[in-house]
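One structure coming up, written as structure tokens, with questions to follow.
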Amino acid sequence: MEMPKKKQVLLFHSVESEDLARKVAAQSEFIQLQSINWRSFDDGFPNLFINNAQDIRGEHVAFLASFSSPSVIFEQLSIIFALPRLFVASFTLVLPFFPTGSFERMEEEGDVATAFTMARILSNIPISRGGPTSLVIYDIHALQERFYFGDHVLPCFESGVPLLKQRLHQLPDADKIVVAFPDDGAHKRFHKQLDHFPMVVCTKVREGEKRIVRLKEGNCAGCHVVIVDDLVQSGGTLIECQKVLAAHGATKVSAYVTHGVFPKRTWERFLHKQDEDSEKAFAYFWITDSCPLTVKAISNRAPFEVLSLAGSISDALQI
């Protein structure tokens, strides 16, 4: 059977995503980087220009976004809404980290589910000549969020976990790996992708005014335990899990999250310190490059190691 012909993709990107975009383009001769002039007027509002706009007519076009803060979202949305209207053959939006994904539900009247708001905004991206926009997102916080999107976009949910599996098999103690989940939600989200590893599950229980992390099930004694979750903010839960796992006999504890958000430089609490007890430190802390500002901040700082999404994004652009 003849292999389908690969399509040539013109890849635009946000300012923050330039390094990742270059890595994606380096993965395939069928991906060509394009440029945008990201300027601002004196009042701070964006003054944008898509270079060679006429040359992209009839071409397959993609945009690599990074919604790292509300201040950069509007300028990127302006480009995202403009590109499909330039008579392109198809349009793909790659948003590795869907930033409002953890705000997906209401617990009381008055709560605003901003995950739904963001999904509604993206659902109104204009249809290109090739049809609805393809929207590529990695390890969205809750899979049911796919139903927040309207018919003008086709959500394609990818995962960074295969990168972790590949890295774990390269470790010298690969036969001693146990995967841990910080809560039942993470277990439900990822256990099928990691079912060939032994597993332990932690849980949070309330004791008075505090929520305490406990080991719910599984055995980690004598093993290198890797905590797996979709994202990290302050990292408090991961640190509490590490203490519990070490107390139950884990020889080493590492962590993997697809999205290293780390607001207010909270990644600093995980850095290896010379006077720190090795039992309290994480052996490895793997993240992907879905959050470019974090990647720059933790570069060459132990225990952090970046697993790049570039190859996976390159493949997704051929879907």
Side-chain angles (χ1 to χ4, degrees), residues 11-24 34 36 38-40 44-46 48 50 61-84 91-105 112-126 133-143 145-146 148-150 152-160 229-234 257-267 287-298 306 308-310 312-313 316-317:
L11 178 61
F12 294 87
H13 57 85
S14 69
V15 175
E16 291 176 12
S17 300
E18 181 175 357
D19 288 347
L20 179 53
R22 291 187 180 280
K23 290 179 182 178
V24 172
Q34 305 297 303
I36 295 167
W38 299 93
R39 306 166 299 191
S40 297
F45 278 88
L48 309 170
I50 300 170
V61 171
F63 181 78
L64 177 58
S66 176
F67 288 2
S68 61
S69 71
S71 63
V72 300
I73 291 177
F74 179 69
E75 64 182 14
Q76 291 181 66
L77 285 175
S78 300
I79 295 295
I80 290 165
F81 275 64
L83 286 172
F91 181 61
T92 300
L93 171 60
V94 182
L95 182 61
F97 174 48
F98 186 73
T100 58
S102 56
F103 308 101
E104 85 285 6
R105 59 183 180 269
V112 177
T114 52
F116 183 55
T117 307
M118 182 65 72
R120 291 180 71 184
I121 292 172
L122 297 178
S123 295
N124 283 284
I125 298 172
T133 293
S134 298
L135 173 59
V136 180
I137 298 174
Y138 282 81
D139 291 318
I140 197 165
H141 186 67
L143 284 174
E145 291 177 49
R146 74 164 59 243
Y148 292 179
F149 296 92
H152 285 189
V153 293
L154 301 174
C156 177
F157 292 161
E158 299 289 333
S159 179
D229 209 351
D230 62 325
L231 61 85
V232 59
Q233 297 268 2
S234 70
V257 296
T258 302
H259 311 297
V261 184
F262 290 120
K264 299 180 180 178
R265 297 173 64 89
T266 49
W267 49 266
I287 64 172
T288 75
D289 40 8
S290 67
C291 298
L293 298 182
T294 298
V295 170
K296 288 184 178 181
I298 57 88
V306 178
S308 182
L309 296 171
S312 179
I313 293 172
L317 292 178

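Side chains included, hydrogens not; waters and symmetry mates left out as well; all remaining heavy atoms used. Predicted model only: the values in this text are computed from it and were never measured.
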Nearest non-hydrogen partners of P84 and P126, listed with the distance: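 Scanning both residues completely, I find the closest heavy atoms to be CB-O, 3.4 Å.
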To the nearest 0.5 Å, what is the distance between CD1 (I287) and CG (L231)? 12.0 Å
Would you say S290's side chain and P96's backbone share a donor-acceptor pair under 3.5 angstrom?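 Side chain of S290 to backbone of P96: no pair is present.
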Check: L135 main-chain N/O paired with T92 side-chain donor or acceptor under 3.5 Å: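 Side chain of T92 to backbone of L135, a donor-acceptor pair under 3.5 Å: no, none is there.
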Please check if any side-chain donor atom of T258 sits under 3.5 Å from a side-chain acceptor atom of D230, or the reverse. no
Under 3.5 Å donor-acceptor, Q76 side chain and S14 backbone: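 It does not hold such a pair.
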Under 3.5 Å, which donor-acceptor pairs do the side chains of residues 117-125 form with other protein atoms, sequence neighbours left out?
| from | atom 1 | to | atom 2 | distance (Å) |
| --- | --- | --- | --- | --- |
| S123 | OG | A119 | O | 2.6 |
| S123 | OG | G150 | N | 2.7 |
| N124 | ND2 | R120 | O | 2.8 |

Heavy-atom pair with the smallest gap, counting every atom of L83 and I50: CD2-CD1, 3.8 Å
Main chain of L309, side chain of S312: is a donor-acceptor contact present, judged purely on distance under 3.5 Å? no
Answer whether the closest heavy-atom distance between the side chains of I298 and V306 falls below 4.5 Å. yes
Can you confirm if the aromatic rings of F12 and F63 lie within a centre distance of less than 6.0 Å?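 So the answer is no for these two rings.
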Looking only at the side chains, is there a donor atom on one of E16 and S68 sitting less than 3.5 Å from an acceptor on the other? yes
Do V232 and V261 have side chains that get closer than 4.5 Å, going by heavy atoms?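 No - every pair of side-chain heavy atoms lies 4.5 Å or more apart.
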Looking at residues at least two apart in the chain, or sitting in another chain, which of them share a ring-ring contact (aromatic ring centres under 6.0 Å, His included) with H259?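 Per chain and number, H259 pairs via ring-ring contact (aromatic ring centres under 6.0 Å, His included) with F97.
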Worked check of side-chain contact (heavy atoms from CB on, under 4.5 Å) between K23 and I313: CA-CA 10 Å; K23 290 179 182 178; I313 293 172; over 6 Å; no
Any idea which heavy atoms bring A62 and L317 closest together, and the distance?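 Closest heavy-atom pair between A62 and L317: CB-CD2, 3.7 Å.
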Kindly indicate, with the supporting measurements, whether the criterion side-chain contact (heavy atoms from CB on, under 4.5 Å) is fulfilled by L95 and V136. CA-CA 6 Å; L95 182 61; V136 180; over 6 Å; no
Measuring from atom OH of Y138 to atom OG1 of T288, what distance do you get when rounded to the nearest 0.5 angstrom? 9.0 Å
Please report the interatomic distance OG(S308) to CG(D19), rounded to the nearest 0.5 Å. 10.0 Å
Checking the side chain of T294 only, and the main-chain atoms of G260 only, is there a donor and an acceptor separated by less than 3.5 Å? yes
Distance from S69 atom OG to L293 atom CG, nearest 0.5 Å? 8.0 Å
Could you give the distance from CD (Q34) to NE2 (H13), rounded to the nearest 0.5 Å? 9.0 Å
Of L11, V24, L64, the one forming a side chain to side chain contact (heavy atoms under 4.5 Å, CB included) with V94 is L64
Approximate separation, where rounding is to 0.5 Å, of F157 CZ and D139 CG: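 Going from CZ on F157 over to CG on D139, the span is 10.5 Å.
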Heavy-atom side-chain proximity of Q233 to F262 below 4.5 angstrom: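 Heavy-atom side-chain distance check fails, nothing below 4.5 Å.
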Using a 3.5 Å distance criterion without hydrogens, assess whether the side chain of E18 forms a donor-acceptor pair with backbone atoms of V15.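 Such a contact is absent between E18 side chain and V15 backbone.
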Decide if atom CZ of F81 counts as having more than 12 heavy atoms of other residues, nucleotides or ligands within a radius under 6.0 Å.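 Yes, CZ of F81 has more than 12 neighbouring heavy atoms, counting only those of other groups under 6.0 Å.
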Tell me, with the steps shown, if F149 and L154 meet side-chain contact (heavy atoms from CB on, under 4.5 Å). CA-CA 8 Å; F149 296 92; L154 301 174; over 6 Å; no
